[in-house]
Amino acid sequence: MLRIEELEAALPSMRQWRVPGGRAVDWAALEAALGTALPSDFRSLAEAYPILVVDDFLTVFLPRPGAEASWASGRREDEILQDLYEMGDTEDYVPYPQPGGLISWAESNSGDSFYWKTSPADPDAWPVVVRGANGDWSEFPVGAVEFLAGVYGRTIDVAGMPKNWPSDHPEVLGLDDRID
């Protein structure tokens with residue numbers, strides 16, 4: 001698994017949003033509500049960063065301390081994926097909690113969705129699956145952090161994405177953890 005420091009090297013503007021001392025995500029509560037463990041690279045990213053928006057295009061959904069059940073519910077109740085599945089527009093992918101089902105971890109403002117395929121059993125071996133807004137599906141044999149580092153380091157190309165993505169100097173916005 002790729003470490004978040006390698007993602008920070010590919011996306012240096014994210015460093016300003018790293019939370020000193022880390023964030024206190026209640027992983028036991030989140031994973032109980034979700035019904036599965038999550039990959040360790042994603043857990044490390046969520047312990048260090050709030051929700052991230054990259055170039056006003058890609059939002060990485062990182063759980064907020066105190067809102068773990070809400071985050072889990074949002075992943076379990078992916079209405080768009082469920083609708084696509086019911087219309088037969090998911091190729092051979094299925095929504096979670098079906099075995100090997102997809103769990104969303106990011107989306108773009110163009111309608112692209114980024115998932116984990118929850119198979120094999122070890123979350124650290126889950127591949128990333130991307131559904132482009134154009135309906136193309138792509139699978140990458142890497143975790144979320146390695147995927148992001150590859151995209152922004154320009155070693156992973158995702159078919160169907162906008163021609164200007166990623167930008168030459170991507171900017172990152174971290175969203176506040178406060179729950180008002």
Item to check | Lys NZ or Arg CZ of R15 over W17 ring: under 6.0 Å, within 45° | outcome: no
Item to check | NZ or CZ of R23 within 45° of Y49 ring axis and under 6.0 Å | outcome: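 Pair R23/Y49 does not count as cation-pi.
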Once rounded to the nearest 0.5 Å, what's the spacing between atom [atom1] of [X] and atom [atom2] of [Y]?
X	Y	atom1	atom2	answer
M161	S108	CE	OG	6.0 Å
D112	E107	CG	CD	9.5 Å
S167	D56	OG	CG	11.0 Å
L45	L148	CG	CG	7.5 Å
L102	T118	CG	OG1	7.0 Å

Next on the checklist: Apply side chain to side chain contact (heavy atoms under 4.5 Å, CB included) to residues V130 and W137 and explain how you reach the verdict.
Outcome noted: CA-CA 6 Å; V130 179; W137 290 86; over 6 Å; no
Testing the basics here: between [X] and [Y], what is the closest heavy-atom pair and its distance to 0.1 Å?
X	Y	answer
A133	S110	CB-O, 3.0 Å
A72	A33	CB-CB, 3.7 Å
K117	G100	CG-O, 3.5 Å
P123	A121	CD-O, 3.1 Å
A10	A149	CB-O, 3.7 Å
G143	D41	C-OD2, 3.7 Å

Checklist entry - Taking F42 as the fixed residue, which of F61, F147, W71 is the one that meets the ring-ring contact (aromatic ring centres under 6.0 Å, His included) rule? => result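 For F42, the ring-ring contact (aromatic ring centres under 6.0 Å, His included) test succeeds with only one of F61, F147, W71, which is W71.
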Distance-only, no hydrogens or angles: does the [X] side chain make a donor-acceptor pair with backbone N or O of [Y] under 3.5 Å?
X	Y	result
R75	I103	no
S44	S40	yes
N134	D136	yes
R43	A37	no
Y96	L34	yes
T90	V94	no
S13	P170	yes
E31	L38	yes
D78	L81	yes

Checklist entry - In terms of heavy-atom contacts, does CD of E79 have more than 12 from other residues, nucleotides or ligands at under 6.0 Å? => result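 Atom CD in E79 is not packed in, count stays at 12 or less.
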Item to check | Y85 atom OH, over 12 foreign heavy atoms within 6.0 Å | outcome: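 Result for OH/Y85: open.
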Checklist entry - So R154 and D168, salt bridge (charged side-chain N to carboxylate O under 4.0 Å, His left out) or not? Walk me through it. => result CA-CA 10 Å; R154 299 183 186 272; D168 290 334; 3.2 Å; yes
Are the charged groups of [X] and [Y] less than 4.0 angstrom apart, N to O?
X	Y	answer
D89	R131	yes
D26	R64	no
E8	R3	no

Grouping I, L, V, M, F, W and Y whenever their side-chain heavy atoms are under 4.5 Å apart, do [X] and [Y] come out in a common cluster?
X	Y	result
V158	Y115	no
L52	W105	yes
I4	V53	yes
L175	F57	yes
V129	W116	no

Checklist entry - Under the side chain to side chain contact (heavy atoms under 4.5 Å, CB included) criterion, do F114 and S104 qualify, and how do the steps go? => result CA-CA 6 Å; F114 300 79; S104 171; over 6 Å; no
Checklist entry - Would you say the side chains of W27 and E68 form a donor-acceptor pair under 3.5 Å? => result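 Side chains of W27 and E68: no pair found under 3.5 Å.
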Next on the checklist: Any donor-acceptor pair under 3.5 Å linking the side-chain atoms of W165 with those of Y152?
Outcome noted: yes
Is the shortest side-chain heavy-atom distance between [X] and [Y] below 4.5 Å?
X	Y	result
L173	V54	no
F140	P127	no
P50	L62	no

Checklist entry - Hey, mind stepping through E5 and R18 against salt bridge (charged side-chain N to carboxylate O under 4.0 Å, His left out) and telling me if it holds? => result CA-CA 11 Å; E5 290 78 12; R18 188 182 260 267; 3.7 Å; yes
